[in-house]
Amino acid sequence: MINPAQRTKAIELSQIRKMFEITNPDAINLGIGEPDFDVPENIKNAMIESINENDTHYTPNKGYIELREEIVKKFKDDNGIKTNPENIIVTVGASEALFMCAQAFVESGNEVLLPNPSFLSYEACVKIAGGKITPVECSMENEFKLKADDVAEKINENTKAIVLNSPSNPTGAVMEKEDIKAIADLSMDKNFLIISDEIYEKIIYDKKHYSPAKWSDNVITINGFSKTYAMTGLRIGYLNANEDLCEELLKIHQYNLACATTTSQRGAIEALRGPQDEAVKMVNEFKRRRDLIVERLNRMGYETVNAEGAFYVFPKIDDENFVQKAAKAGVITVPGAAFGSNGKGHVRMSYANSYENIEKAMDILEERLVNG
Ligand SMILES: Cc1ncc(COP(=O)(O)O)c(C=O)c1O
């Protein structure tokens, strides 16, 4: 047995994936973290065309200039962020961008503020980099929205960064503009970094998304194509940061991956340039499902916030054995505690499954767990 490095020992494999592997394949899966839609035709065609053109060589480390120019336009139009192609790095998913941030800026002695609960990768990235987690509680009373006052209380001289994720995985919470702005101001006053994971930006209902980079220069904005264009397996994302930050991030990207896949980059150009109607249709369908699942859960007595974004709900379920019982009955869910201590007493349910399957899943829970 070869001993792993201490940094590898400090983390564990995701329990969520492990659980999927052992459950009944006929169960309805409300554990999924990816859209159940196909990649739009125009994007598929652009990728096929790129292969037929033998566009399969290395690209510039930061990504194709055409793609970075489209991303600059997107930041201006959608987020009010003025940037330029030199400040963009195209990455292998938002996942790589998160890892790069931690590797480039976090080291032993640094504290990184994370919303509690939050996406599993954040903690792992910080720990691998040798940093320490400082959780900031997101309470159900605030609909799980991260509040600037709670963040301010946790800042000290060791604070290196905070990760923001609005809309949020696992809660679906969308932060309020004033909290995002206040945290952005704080990052300038106290000189820490904001790593803003905006991967669910477009999956938002009757609410506006705000980027902290509008108000602070200490921000790395991360986004990608996995959720908006159902391109999860194509592994393509991007980040925007000021020149100095970008230079450090590029070192990590360059020596790790050289560049993102050509085919996916060509698909991403088409995703941004082409019609957006498939993405809009998908969001409308998610909203219909959100309305259904929230209504059904509340009716069953599982208190559920009417989450304003992403495709997750985070009902309050005190039964410690709920996830196992539900899986046995044929519905896969994820225990809230997997996302941080504050997730205890909750269950994450994804509605990236068909309307009919969600109805069926709710019927099963009602018959077998509530009335059974
Ligand atoms: C909050 C959050 N950030 C990042 C990612 C990773 O996205 P990508 O597929 O672009 O690596 C996910 C995927 O589930 C996520 O939920």
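The chain is numbered in sequence order, starting from 1. We count ligands from 1, going down the list as the structure has it; atoms in each ligand are counted the same way. Computed over heavy atoms, backbone and side chain alike; hydrogens, waters and symmetry mates excluded.
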Within the 4.0 Å heavy-atom shell around [X], which atoms of ligand 1 are there?
| X | result |
| --- | --- |
| Arg235 | 8 (P), 9 (O), 11 (O) |
| Gly93 | 10 (O), 11 (O) |
| Asn165 | 1 (C) |

Can you check whether [X] has an N/O within less than 3.5 Å of an N/O in ligand 1?
| X | value |
| --- | --- |
| Tyr200 | yes |
| Tyr122 | no |
| Thr232 | no |
| Val92 | no |

Do me a favour and list the nearest non-hydrogen protein atom to [atom] with residue, atom name and distance?
| atom | value |
| --- | --- |
| atom 12 (C) of ligand 1 | Phe119 CZ, 3.4 Å |
| atom 14 (O) of ligand 1 | Lys227 NZ, 2.7 Å |
| atom 10 (O) of ligand 1 | Ala94 N, 2.7 Å |

Counting heavy atoms only, which of [options] comes nearest to [atom]?
| atom | options | value |
| --- | --- | --- |
| atom 9 (O) of ligand 1 | Ser226, Ala97, Gly233, Ser166 | Ser226 |
| atom 6 (C) of ligand 1 | Gly33, Ser121, Ser95, Ser350 | Ser95 |
| atom 3 (N) of ligand 1 | Asp197, Leu120, Asn223 | Asp197 |

Check whether more than 12 heavy atoms from other residues, nucleotides or ligands sit under 6.0 Å from atom CZ of Arg273, and answer yes or no.
yes
Atom CD of Glu178: over 12 foreign heavy atoms under 6.0 Å:
yes
Can you tell me if Glu96 contacts ligand 1 (heavy atom of the residue under 4.0 Å from the ligand)?
no
Can you find a non-hydrogen atom of Glu34 under 4.0 Å from ligand 1?
no
Using heavy atoms and a threshold below 4.0 Å, how should the contact between Ile236 and ligand 1 be classified: side chain, backbone, both, or neither?
neither
Ser108 versus Lys132: any side-chain heavy-atom pair under 4.5 Å?
no
Among Val151, Ile155, Ile194, Asp217, exactly one meets side chain to side chain contact (heavy atoms under 4.5 Å, CB included) together with Ser187. Which residue is that?
Ile194
Could you please spell out the steps behind the side-chain hydrogen bond (donor to acceptor under 3.5 Å, both in side chains) verdict for Asn223 and Glu201?
CA-CA 8 Å; Asn223 211 322; Glu201 168 191 14; 2.8 Å; yes
With ring pair (Phe, Tyr, Trp, His ring centres under 6.0 Å) as the test, pick out the partner of Phe286 among Tyr312, Tyr355, Tyr205, Phe311.
Phe311
